[in-house]
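The structure appears below as structure tokens.
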Amino acid sequence: MIKRDPNCTRCPLHQSAQYVCLLPPDLHQHDVFIVGEAPGKREDDSGVPFVGVTGQLLREALKELRIRGVMSNAVLCRPPENRTPKKREINACRFWMAQQLEHVKPKYVLCLGNVAMQSLLNMTGIKKQRGRVIERDGVIYFCTYHPAFISRDESYRPVWMNDLKRFKEIIDNQGAKEDTDINPIIVNDMKSYGHMIDDLSKGGVVSYDIETNGLYPWKGRITTLGFGTRTAQYIIPWDHPESVWRRLHPGGLDTVAWSLRRTVRECYIVAQNGKFDCLWMKVKHNVHWRTDFDTLLAHHILNENSLHDLEYLAQFYYGVPAYDIDLEIKQGKQGIAALAKYQALDLKYTRMLKFTLAAELAKDPAVNRVFKHLVMPCSDLFMEAEYYGLYIDFSKYNEAKDYLNYRVIKCRRALNKWIPKDWTPNVRKPKKKGFNWGSPKQVGRLLFDHMGIDVVEETAKGAASTSESVLKRIDHELVGDLLKLRGANQQLSFFIDGWKPFFVGRYLHPAFKIHGTTTGRLSAEHPNPQQVPRDPRIRQLISAPPGWELIEADLSQAEMRIAAELSKDPMLVYAFLHDVDVHWLTMIKEISRNASWSDQVIATASAHAGRRVTYSEGIDVLLKIGPDAAIDIDAEHDLTFPVDGAMLGWKELRKRAKAVNFGYLYGMFWKKFIIYARDKYGIKLQPRQARDSWEGYFDLYKGLPKWHQRQRTFARMNGYVASKIGRKRRLPEAMLDYDTPGRAEAWRQAINAPVQSLASDLNLMIALQLRREYDTDVMRICATVHDSILMRVVRPRVVEISERILEISGCPELLNVFQCQFTVPMEAEVKIGPWGRGVSLEKWKASHEKAVKD
DNA sequence: TACTCTAGCGCG
DNA sequence: AAAGCGCGCTAGAGTA
């Protein structure tokens with residue numbers, strides 16, 4: 001019998017726990033040992049383990065599945081404030097875990113959650129590891145989520161139950177059942193090649209998958225190529241020491257790839273993230289293969305909240321054991337045979353998933369339509385975008401580098417005088433010698449400890465914040481230089497040094513994730529073109545090679561237009577129908593409501609009218625002439641005024657209104673608006689002012705609160721919302737009966753998602769249509785940034801294509817497929833030239849014609 | 001030495 | 001009563 005130690009002091013938890021060292025009283029020998037995290041409040045109060053709500057949830061699930069065993073926790077004292085135990089505490093409590101294992105002598109151990117997994121297996125990342133079967137010292141460990149996670153997010157319950165069911169099977173079968181129903185055929189001679197071609201030519205569903213030794217096709221090798229049919233999985237050793245194809249074919253792998261091309265074209269190709277595999281074939285062998293059905297993308301549109309990796313999907317749908325292998329084997333370092341089995345499983349499950357997911361999609365025709373007509377075509381579109389890449393202007397790149405380096409040196413010099421002699425910030429493991437201005441921790445020590453400045457705000461983890469917003473509120477000479485240094489350093493490390501590893505000649509080839517967000521927007525990486533600063537100094541680095549022009553097609557105010565369309569708010573709809581700039585409208589209405597900024601209104605309007613006007617006349621004039629004219633007058637007459645402590649002209653005011661629009665549109669409260677106005681524009685608003693602006697906004701756009709309510713109610717009743725074309729955002733937490741932060745968040749997402757999603761989908765429709773209408777020798781789409789498209793176009797076609805972009809943007813053909821019509825007009829604008837420095841079509845025409853004449 | 005996490009900040 | 005949404009990348013610092 002283990003003796004509990006009520007005076008255990010192995011970790012600090014004994015100080016806060018009521019019941020120290022909560023060992024289960026009935027611990028005895030059993031084949032099955034179930035290990036949770038730590039006692040909760042109920043347990044700590046009563047001294048009895050597993051009596052709380054989560055304990056109940058676990059007991060019920062185990063009972064339902066007839067899993068019997070003894071239960072305990074990885075950590076035996078309750079951590080304060082329901083936090084999870086820290087690594088130190090888990091390690092300290094291993095002493096007890098070892099004793100318990102010794103005592104129970106289990107054959108099967110169920111690890112519930114990260115903490116148990118860490119304690120028992122010294123592994124982290126339950127989301128990645130869950131479902132994994134691990135054998136150690138003759139004991140089989142199985143990992144899944146902690147029941148507390150399930151009670152927090154109900155959508156994971158089926159996955160969890162499935163895991164537990166598998167655990168039960170493992171117990172019943174005395175181990176995990178390996179999937180042996182595969183038929184891997186290594187294709188490394190002409191005979192098996194011929195056999196494979198025959199099988200592929202039957203015209204059925206064929207899964208396709210390659211293994212590579214890297215993620216970047218320009219800097220790696222394809223080790224194997226694989227095809228899966230109903231009866232077999234063919235694995236072709238490709239750019240691999242064991243491959244025979246270079247020897248058998250004088251033209252090498254290119255020839256094999258090209259001869260495979262015809263067969264592949266006739267197949268219905270299924271792949272998991274086929275964009276990746278097709279890109280590699282395009283880069284390595286210039287063959288253009290298309291994916292007909294992508295299991296990753298299908299699963300993403302069916303459940304945008306989930307993970308989508310193949311192993312996870314196979315486990316989720318077919319309950320197979322984990323089969324992932326070491327990277328070394330995948331990269332072909334240990335011979336083909338080890339790899340073949342793994343790849344055969346990949347091919348088998350990919351093919352199976354096609355049928356499973358297609359059946360799921362068929363149950364939801366609207367979602368299926370989005371998948372078929374929008375998402376799947378994007379796979380090929382973005383494969384090409386990645387292939388063509390972004391052209392970098394290296395002379396500008398070097399200029400920017402020199403400029404930024406110079407700024408860094410200047411700022412550092414100015415800052416260094418503030419470092420006291422013989423003083424070091426007390427940091428345990430500093431990265432660099434001496435004082436580091438790039439370290440928030442060290443800067444914090446200097447400002448708040450040494451200089452004695454009051455801490456303004458704390459970070460989430462309780463450290464003294466040195467964020468931009470905080471620094472701006474500190475009245476000290478150094479903040480200006482520090483902010484400049486941060487900016488310059490960030491640009492250097494992101495775009496100058498950060499891009500270096502990704503250059504392929506003069507091009508960058510970012511990767512797009514069509515499944516990158518929950519709303520249907522894309523994300524991008526390596527590097528991410530969606531976060532290039534608007535600062536033209538950086539943005540212009542992205543340009544076009546000689547003979548081509550970069551064109552940016554931007555949907556103007558896409559999200560506001562869609563919000564108008566969906567809410568049917570009369571004021572917003574009117575504005576868009578009559579070409580009134582809504583950000584401007586919001587701003588003018590706001591200032592006229594307060595009768596504020598009268599000097600500015602009267603001055604600008606008078607300058608425009610050529611006579612002295614009254615305030616209310618001025619408001620009408622401004623509303624009519626719009627932001628561009630007002631900004632011009634500003635510039636001409638130098639009419640910026642100090643407003644609430646900041647210097648603002650019409651340009652800044654409109655920008656501020658834009659933030660107001662998006663903030664309030666998506667459910668921002670006036671309290672946050674005060675913070676926002678302060679941090680972003682240095683404007684000090686009184687609560688009264690902020691509240692007035694909030695109320696005034698929804699008074700102006702009366703349709704918005706009603707629409708918000710409709711969205712919330714729908715989400716609450718149905719657990720999801722859908723966009724106008726049928727893309728769904730599943731929000732299970734929106735259905736909760738009690739007000740929780742999670743539900744409030746889900747409700748806000750119910751408002752935002754259909755707007756963000758449709759704007760992005762519209763942008764994709766335009767990109768797809770452009771791709772269909774123009775061949776890649778005249779136009780190459782190289783990136784999208786949420787509601788804009790970047791492409792390069794051969795010079796002679798610039799005018800024609802620009803005009804066509806504007807036409808398409810007003811009404812992309814794909815909208816018909818979704819029977820989707822708008823009352824609010826959609827509009828785009830094109831900019832021609834280096835990114836961030838592009839000019840309108842008119843200006844380009846003028847300068848180009850002049851250049852031709854010269 | 002390599003990995004993970006946080007803070008901070010860029011974008012729409 | 002309380003209330004923007006969606007991302008990726010970097011350096012620093014802590015951890016194994």
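Quick note on labels: first sequence line is chain A, next is B, and so on, each numbered from 1. Since this is a predicted model, take the numbers as computed values, not measurements.
Remark: A:R691 engages no residue in a salt bridge (Lys or Arg N to Asp or Glu O under 4.0 Å) (not counting sequence neighbours). A:R748 pairs by the salt bridge (Lys or Arg N to Asp or Glu O under 4.0 Å) definition with nothing, not counting sequence neighbours. The salt bridge (Lys or Arg N to Asp or Glu O under 4.0 Å) check on A:D581 picks up A:R654, with sequence neighbours excluded. In this structure, the salt bridge (Lys or Arg N to Asp or Glu O under 4.0 Å) partners of A:D497, at least two apart in sequence or on a different chain, are A:K500.
With respect to the salt-bridge test (charged N to carboxylate O, under 4.0 angstrom), the residues A:R727 and A:E304 do not qualify. A salt bridge does not link A:R486 with A:E468: every distance from a Lys NZ or Arg NE/NH1/NH2 to an Asp or Glu carboxylate oxygen is 4.0 Å or more. Salt-bridge annotation for A:R688 and A:E695: absent, with no side-chain N of the basic residue lying under 4.0 Å from a carboxylate O of the acidic one.
Residue A:H583 contributes atom NE2, which lies 12 Å from atom P of B:dG12 at whole-angstrom precision. In this entry the distance linking CG of A:L404 with C1' of B:dG10 reads 14 Å, nearest Å. The distance between atom CD of A:Q709 and atom C1' of C:dA3, rounded to the nearest whole Å, is 13 Å. If you measure from atom CD of A:E457 to atom C1' of B:dA7, you get 13 Å, rounded to the nearest angstrom. In this structure, A:R534 atom CZ and B:dG10 atom C1' are separated by 9 Å, rounded to whole Å. Distance A:L482 CG to B:dG8 C1': 12 Å, rounded to the nearest Å. One can place CD1 of A:I674 at 14 Å from P of C:dA2, the figure rounded to the nearest angstrom. Atom-to-atom, CG of A:N91 to P of C:dG14 comes out at 18 Å; the value is rounded to the nearest Å.
Residue A:E468 is classed as a sugar-phosphate contact, given heavy-atom separations below 4.0 Å to backbone atoms only. Using a 4.0 Å heavy-atom criterion, one finds that A:V755 contacts no nucleic acid atom at all. Using a 4.0 Å heavy-atom distance criterion, A:R539 is classed as a sugar-phosphate-only contact. When heavy atoms are screened at a 4.0 angstrom cut-off, A:S760 is found touching no nucleic acid atom at all.
Between A:N436 and C:dG12, a side-chain N or O to OP1/OP2 separation shorter than 4.0 Å is present. For the pair A:S439 and C:dA13, the criterion of a side-chain N or O lying under 4.0 Å from OP1 or OP2 is met. The phosphate of C:dA13 has neither OP1 nor OP2 within less than 4.0 Å of any side-chain N or O from A:R445. Checking the phosphate oxygens (OP1, OP2) of C:dA11, no side-chain nitrogen or oxygen of A:K441 falls inside 4.0 Å. Side-chain nitrogen and oxygen atoms of A:R486 include none within less than 4.0 Å of the OP1 or OP2 phosphate oxygen of B:dA7.
The local environment of NZ in A:K831 is sparse, with at most 12 non-hydrogen atoms from other residues, nucleotides or ligands closer than 6.0 Å.
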DNA chain C base-pair string [pairs: Watson-Crick or G-U under 3.5 Å; |: paired with another strand]: ....||||||||||||
Sugar-phosphate or base contact per nucleotide [nucleotides 4-9 of chain C; S, B, -; heavy atom under 4.0 Å]: BBBSBB
Side chain to side chain contact (heavy atoms under 4.5 Å, CB included) between A:W707 and A:I751, worked out: CA-CA 8 Å; A:W707 165 63; A:I751 294 165; 3.8 Å; yes
